[in-house]
Amino acid sequence: MLTIKLIQEQTDLVAERLRIKNFEATSILNEILQLDDLRRSIQSRMDNQLAELNSLSKQIGQFYREGKTSEAEAAKEKTAEFKEQGRILKEQLTQTENQIQELLVQLPNLPHELVPAGKTADDNLLIRSGGIIPTADPERKAHWDLLQSSKLIDFELGNKLTGAGFPVYKKEAARLQRALINFFLDQGIKAGYTEVQPPILVNQDSAYGTGQLPDKEGQMYHAEADGLYLIPTAEVPVTNIFRDEILEAADLPLRYIAYTPCFRREAGSWGSHVRGLNRLHQFDKVEIVQVRHPQNSYQGLDEMVNYVESLVSLLNLPYRIIRLCGGDMSFTSAMTYDFEVWAAGQGRWLEVSSVSNFESFQANRLKLRFKEKGDKRTTLAHTLNGSALALPRIVAAILENNQKGNEIMIPEILHPYTGFDRISL
RNA sequence: GGAGAGAUGGCCGAGUGGUCGAAGGCGCACGCCUGGAAAGCGUGUAUCCCAUGUGAAAUGGGAUCGAGGGUUCGAAUCCCUCUUUCUCCGCCA
C-alpha cells in the first residue's frame, strides 16, 4: 500500500510511475487527496468536540468532590450536545477512512525507475544467463512422458487422493525432492539466513498484510470454518512475523529462510502448457525473506539474485535472469527478477524463482517500521523476498536435462543428500 | 471439550469509576560524580492521528491498558461478545 504522504507530495510522479505498470491512477489519486482533506477536517472538528466533552467531565468530577451537586448536574446537561456531535463526526470519520482505504488498496506499488515499460513477458529484459543448454535430441522426453511407466511421480494417484495438481512423489522422486529441500536450506543457512518453520495456515490479518487480501482472494484455499487461509507461499507467514513491529535500525538487515508447502487454487489458469509438474495446486518451496533499511534494499535485492544464481549454478541447470517489465510485474512489487531454467524435454524455459523488492509497500500494510537508536521517528522498512527455490520445476528440469538413455543423472552436489547418483527408470 | 484464573508501557508489576498514558522496580539513553569504571545521584524513556509551527524541534488537542460492543457527564477499573495465556480434568499425534 502506498502512503498518503507520498501521494500528496508526489501526485504526478506516482501517476507517471504507475503508467509503467499500465495503471491509470489519476482519478483515484485525486479522489484520495480529496477524501484525505475531508478526513482531516472531520478529525479536527471531532477532536474539538471531544476536548470540550473531556474538560466538562473533569469539571463535573471537580464539582462532585467539592460537594457542588447542583453545578455538577447543570454541567451534565451541557455534555449531551458535544457527545452527540462527537458521535456523528466519529461515524463520518470512520466512513471516510474506509473509503480512503478502499481506494488505497487498489493502487499497485510503484515500479523502480529501472523497470522497463511494457505489457507482456515479451517486454521483459534479459539480464544474464548461464549454464549450457543441452543439444536438442529427439529422444529426449518431457518429464511426464519420462515418468510414465515408472510412476515415480504419480499424477493419477494424486488425482484419486485429492484431485488434479496434487501428485504423489514416490521412491527416488520423493527422496530427490527431500534432498533438494535440505540442500536449499543448508545453503541458505550458510549464506546467513535464519531458518524458520512457520504455520502454513494464516489468518486474515496476515493474508492482508502481505497483500494476498483483498487483491487475490480467489487464489488461496480458504478454510472457512476457521477463517484461515492455506498459504500460497512462505512469504506470507514469514513476512508477517514482523507485522506491527518497530525494529532497531542496527538489527537490519534481517534474513530469513523457510521451507513450506504452498497451495494455489490457480483458478482459471490451466491450459495445455501446464502439464505435469509445470503447475500444481500444492508444491514445495524454500523461500528467502529480507527486511532492510531503505537505503540498501537494492543491495539486498542484488544479494538475493546472486544467491539464487548460485543455487541454479550448483545444480548445473541452464538459466537466465530476467528483469520483469511493468506489465508483467506483480501488484506489490517495485522490481522483480525472474529466474528461468531450461527444461530440455519440453524445450522451454520454466520459471523457478521470482525475487522482488517491495520497498515499503508491504511494510506500510504490515506497519513494519524501524527506528534509529535515540531517534524518535519511525520509518517504514523495506521487505524483499524470493524463491530459493521452487521445487517441482527444478525437479522437472533435472529430470529432463539429465536423462541418459534409461537413467537420470543426479547433480553431483546433491549426492550427499540423495544417497544415490542416478535414477534408473 | 469441561471448570477456574489471567491478559496493563521494552520487561516485571501496582491500579476496581474522576486529578491515570497510567505508581514502583528493572532495563535503556543522557548528564553529574570518577584518573577510568562500578556504585550513587539527577533527567528522560510507547504508538498513531489532528492543529499551529520548524532546518530539525517544539507546543496544544484527540485516540490507544488483548480486540470489539455497551453502561456513564466520565471506564485500565462495571456489563456483554470474541481472541488468547496459564492451572486442573477429559481426549490425543
Side-chain angles (χ1 to χ4, degrees), chain A residues 1-9 32-101 103-104 197-209 213 223-229 237 240-252 254 261 291 360 362-381:
Chain A
M1 194 164 69
L2 299 175
T3 61
I4 294 218
K5 202 167 172 228
L6 179 73
I7 292 171
Q8 270 173 347
E9 289 169 358
I32 289 173
L33 290 176
Q34 255 172 30
L35 283 167
D36 191 52
D37 281 345
L38 179 63
R39 190 198 108 244
R40 296 141 111 89
S41 90
I42 294 172
Q43 166 114 43
S44 249
R45 280 180 281 152
M46 183 185 80
D47 285 355
N48 287 338
Q49 297 294 321
L50 292 179
E52 295 283 356
L53 188 61
N54 285 344
S55 89
L56 264 178
S57 292
K58 272 185 190 156
Q59 259 179 46
I60 293 169
Q62 187 66 27
F63 284 142
Y64 275 125
R65 250 170 286 123
E66 292 169 358
K68 299 176 179 168
T69 316
S70 56
E71 281 93 334
E73 294 299 327
K76 271 196 203 178
E77 303 277 316
K78 290 197 278 183
T79 59
E81 176 66 13
F82 294 121
K83 240 185 131 174
E84 177 62 7
Q85 281 303 315
R87 193 189 59 76
I88 291 168
L89 289 166
K90 170 74 189 169
E91 245 170 54
Q92 289 176 9
L93 183 68
T94 308
Q95 200 196 338
T96 309
E97 281 172 346
N98 289 343
Q99 283 172 357
I100 292 171
Q101 186 70 7
L103 292 171
L104 273 178
Q197 290 189 358
I200 58 177
L201 279 162
V202 295
N203 60 28
Q204 242 186 323
D205 287 345
S206 294
Y208 180 82
L213 294 178
E224 265 178 84
D226 298 288
L228 301 175
Y229 296 86
N240 270 283
I241 291 173
F242 307 105
R243 172 151 48 86
D244 288 320
E245 292 290 328
I246 299 174
L247 306 167
E248 286 261 348
D251 294 335
L252 302 178
L254 296 170
V291 179
S360 61
Q362 281 183 333
N364 189 32
R365 280 203 197 187
L366 291 162
K367 297 204 189 69
L368 163 53
R369 294 150 295 170
F370 70 92
K371 211 195 298 202
E372 306 283 350
K373 211 178 180 119
D375 199 344
K376 278 194 146 186
R377 293 216 50 80
T378 59
T379 312
L380 291 173

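Order of the sequence lines fixes the chain letters, A, B, ..., with proteins taken first and strands second; residue numbering starts at 1 for each chain.
- Across all strands, A/Arg369 comes closer than 4.0 Å only to sugar-phosphate atoms, never to a base (heavy-atom distances).
- A/Thr378 has a side-chain polar atom (N or O) that falls below the 4.0 Å cut-off from OP1 or OP2 of B/C48.
- As rounded to whole Å, 14 Å separates atom C1' of B/G18 from atom CZ of A/Phe63.
- Rounded to an integer number of Å, the gap from A/Glu77 CD to B/C73 C1' is 10 Å.
- In this structure B/A22 sits in no base pair that meets the Watson-Crick or G-U test at under 3.5 Å.
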Start with the C-alpha gap between A/Leu252 and A/Leu254, add the side-chain angles, then the distance that decides, and say whether side chain to side chain contact (heavy atoms under 4.5 Å, CB included) holds. CA-CA 5 Å; A/Leu252 302 178; A/Leu254 296 170; 4.2 Å; yes
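- Between A/Lys58 and B/C73 there is no side-chain polar atom (N or O) within less than 4.0 angstrom of OP1 or OP2.
- In a base pair of the Watson-Crick type (N1 to N3 plus N6-O4 or O6-N4) or a G-U wobble (N1-O2 and O6-N3), with each distance short of 3.5 Å, B/G17 is matched with no nucleotide.
- Nucleotides B/G13 and B/C65 have their C1' atoms positioned 13 Å apart, rounded to a whole Å.
- Residues A/Met46 and A/Gly86 share a closest heavy-atom pair of CG-O, 4.1 Å.
- Nucleic acid contact for A/Thr79: sugar-phosphate only, since backbone atoms but no base atoms lie under 4.0 Å from a heavy atom of the residue.
- Separating the P atom of B/U64 from that of B/A22 is a span of 14 Å, rounded to the nearest Å.
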Take A/Gln95 and A/Gln99 through the test side chain to side chain contact (heavy atoms under 4.5 Å, CB included) and record every step on the way to the result. CA-CA 6 Å; A/Gln95 200 196 338; A/Gln99 283 172 357; 3.7 Å; yes
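- Expressed to the nearest 0.5 Å, how far CG of A/Leu35 lies from CD of A/Glu97 amounts to 11.0 Å.
- Pairing for B/A67 goes to B/U81, judged as Watson-Crick or G-U wobble with the two contacts each under 3.5 Å.
- Both A/Gly61 and A/Ile246 lie near RNA chain B, and the one whose nearest nucleotide falls closer to the 5' end is A/Gly61.
- The gap from the C1' atom of B/A76 to that of B/A93 amounts to 41 Å, rounded to the nearest Å.
- The base-pairing partner of B/C92, taking Watson-Crick or G-U wobble contacts with both distances under 3.5 Å, does not exist among the strands shown.
- B/G6 and B/G10 have their P atoms separated by 24 Å, with the value rounded to a whole Å.
- Look at CG on A/Asn364: it is 12 Å from P on B/C48, rounded to the nearest Å.
- Taking side-chain N and O atoms only, A/Arg40 has no distance below 4.0 Å to OP1 or OP2 of B/C49.
- Taking CG of A/Leu89 as the reference point, atom OG1 of A/Thr94 lies at 10.5 Å (rounded to 0.5 Å).
- In this structure, CG on A/Asp36 lies 4.0 Å from CD1 on A/Ile4, to the nearest 0.5 angstrom.
- Comparing B/U19, B/A57, B/U47 by their nearest atom to the side chain of A/Lys371 picks out B/U47.
- Distances shown here put a side-chain N or O of A/Arg39 below 4.0 Å from the OP1 or OP2 atom of B/C50.
- Between A/Leu50 atom CG and B/G61 atom P the separation is 13 Å, expressed in whole Å.
- Using a 4.0 Å heavy-atom distance criterion, A/Ile60 is classed as a base contact.
- For the C1' atom pair drawn from B/G62 and B/U81, the interatomic distance equals 27 Å after rounding to whole Å.
- B/C86 and B/G4 make up a base pair, with Watson-Crick or G-U wobble contacts both under 3.5 Å.
- Separating the C1' atom of B/G74 from that of B/U16 is a span of 15 Å, rounded to the nearest Å.
- Between the C1' atoms of B/C41 and B/C48, the separation comes to 36 Å (whole Å).
- Comparing A/Arg377 and A/Glu97 by the nucleotide of RNA chain B whose heavy atom lies nearest to each, the residue mapping closer to the 5' end is A/Glu97.
- Rounded to an integer number of Å, the gap from A/Asn54 CG to B/U72 P is 17 Å.
- Taking atom CD on A/Glu52 and atom C1' on B/C50, their separation rounds to 16 Å, with Å as the unit.
- Within the 4.0 angstrom heavy-atom criterion, no nucleotide atom of any strand lies near A/Asn48.
- Looking at heavy-atom distances under 4.0 Å, A/Tyr64 makes contact with a base.
- Here the C1' atom of nucleotide B/A46 and the CD atom of A/Glu248 are 14 Å apart, to the nearest Å.
- Residue A/Asp47 places a side-chain atom within donor-acceptor reach of the base of B/G61, judged by atom type and a 3.5 Å distance cut-off alone.
- Using Watson-Crick or G-U wobble geometry with both donor-acceptor distances under 3.5 Å, B/G74 finds no partner in any strand shown.
- Counting any heavy atom pair closer than 4.0 Å across all strands shown, A/Ala51 reaches sugar-phosphate atoms only and no base atom.
- Nucleotide B/A58 has B/U52 as its partner under the Watson-Crick or G-U criteria, with both atom distances under 3.5 Å.
- B/C50 atom P lies 15 Å from atom CZ of A/Arg45, rounded to whole Å.
- Looking at heavy-atom distances under 4.0 Å, A/Ser41 makes no contact with the nucleic acid at all.
- The pairing partner recorded for B/C41 is B/G31, the criterion being a Watson-Crick or G-U wobble arrangement whose two distances lie under 3.5 angstrom.
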Under the side chain to side chain contact (heavy atoms under 4.5 Å, CB included) criterion, do A/Phe370 and A/Val291 qualify, and how do the steps go? CA-CA 10 Å; A/Phe370 70 92; A/Val291 179; over 6 Å; no
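- Remark: A/Lys76 is not in phosphate contact with B/G74, judged by side-chain N or O atoms under 4.0 Å from OP1 or OP2.
- Counting all heavy atoms, side chain and backbone alike, A/Ala75 lies closest to A/Ile60 at CB-CG1, 3.6 Å.
- For B/C86 and B/G66, the C1' atoms lie 15 Å apart once the distance is rounded to whole Å.
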